[in-house]
Amino acid sequence: MSKFSDFLEAQKIDPRRVLLASKAVESYTDEDQKLRLAKKRVKKNEASDAEKELATKKGRSGKPVTQLLLDQAIDGGDLTRRAKVRLLRAVNHVLKQKSKDAVAAGDLF
């Protein structure tokens with residue numbers, strides 16, 4: 001087992017809940033489309049001041065945690081930095097729903 005699976009057991013978090021939380025946290029919204037358009041217009045020097053300010057924000061990845069990635073994390077396999085970040089955001093979302101404090105990446109991996 002891995003540090004990630006031990007953490008899920010200690011916090012009594014079902015791995016399926018992590019998948020659903022990741023889908024909710026990472027999926028694209030209308031705001032993300034506006035953000036990508038603003039970044040494109042800033043690149044072409046066609047943006048207004050409001051779009052320039054909007055372009056500095058960070059959007060969602062659009063790639064939720066998959067079952068394969070979750071299985072790799074539970075088994076203690078090698079994960080990319082981006083995969084760890086997506087897992088961390090999903091776990092912190094679940095912890096927030098349980099009214100618990102967020103954790104750092106070092107606590108999970």
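Under a cut-off of 6.0 angstrom, the local environment of NZ in Lys34 is sparse, with at most 12 non-hydrogen atoms contributed by other residues, nucleotides or ligands. A 6.0 Å sphere centred on CD of Gln11 holds more than 12 heavy atoms belonging to other residues, nucleotides or ligands.
Looking only at side-chain heavy atoms (C-beta outward), Gln97 and Arg17 come within less than 4.5 Å of each other. Considering only heavy atoms from C-beta on, Val103 comes within 4.5 Å of Leu95 through its side chain.
Of the residues Ile13, Val18, Asp14, the one that meets the side chain to side chain contact (heavy atoms under 4.5 Å, CB included) test with Arg16 is Asp14. Just one residue in the list Lys57, Arg41, Lys44 forms a salt bridge (charged side-chain N to carboxylate O under 4.0 Å, His left out) with Glu51, and that residue is Arg41.
Among all heavy-atom pairs drawn from Phe7 and Asp107, the shortest one is CD1-O, 4.3 Å. Residues Leu54 and Ala38 approach most closely at CD2-CB, 4.0 Å, considering heavy atoms.
Leu69 and Val85 fall into different hydrophobic clusters, defined by Ile, Leu, Val, Met, Phe, Trp and Tyr side-chain heavy atoms under 4.5 Å apart, directly or through other members. Cluster annotation: Val25 and Phe4 are assigned to distinct hydrophobic clusters (Ile/Leu/Val/Met/Phe/Trp/Tyr, side-chain heavy-atom contacts under 4.5 Å, transitive).
Note that CG of Leu87 is 6.5 Å distant from CG of Leu70, once rounded to the nearest 0.5 Å. Between the OG atom of Ser48 and the CD atom of Glu53 there is a distance of 10.0 Å, given to the nearest 0.5 Å. For the atom pair OG1 of Thr56 and NZ of Lys39, the computed distance is 8.5 Å after rounding to the nearest 0.5 Å. Here the CG-CG distance, from Asp6 to Leu108, works out to 11.0 Å after rounding to the nearest 0.5 Å. Rounding to the nearest 0.5 Å places CG of Asp32 at 12.5 Å from CG of Leu37. Distance check: Ser2 OG to Phe109 CZ gives 8.5 Å after rounding to the nearest 0.5 Å.
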side-chain contact (heavy atoms from CB on, under 4.5 Å) between Leu19 and Gln67, worked out: CA-CA 7 Å; Leu19 289 175; Gln67 183 66 47; 3.0 Å; yes
Test side-chain contact (heavy atoms from CB on, under 4.5 Å) applied to Leu79 and Gln72, step by step: CA-CA 8 Å; Leu79 301 172; Gln72 283 180 331; 3.9 Å; yes
Pair Lys12-Lys98, side-chain contact (heavy atoms from CB on, under 4.5 Å): steps then yes or no: CA-CA 10 Å; Lys12 297 179 182 170; Lys98 290 182 144 200; 4.1 Å; yes
CA sep, side-chain torsions, deciding dist, call: Thr66, Asp71, side-chain contact (heavy atoms from CB on, under 4.5 Å): CA-CA 9 Å; Thr66 61; Asp71 291 341; over 6 Å; no
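Remark: side-chain polar atoms of Ser22 are not paired, donor with acceptor, to backbone N or O of Pro64 under 3.5 angstrom. In this structure, Lys3 contributes its side chain and Gly106 its backbone to a donor-acceptor pair below 3.5 Å. Between the side chain of Ser5 and the main chain of Met1, no donor-acceptor pair closer than 3.5 Å is present.
For Glu26, the side chain to side chain donor-acceptor pair (under 3.5 Å) partners at least two apart in sequence or on another chain are Ser61, Arg89. Not a single side chain to side chain donor-acceptor pair (under 3.5 Å) links Asp75 to another residue, sequence neighbours left out.
Judged by the 6.0 Å and 45° rule, Arg36 forms a cation-pi pair with Tyr28.
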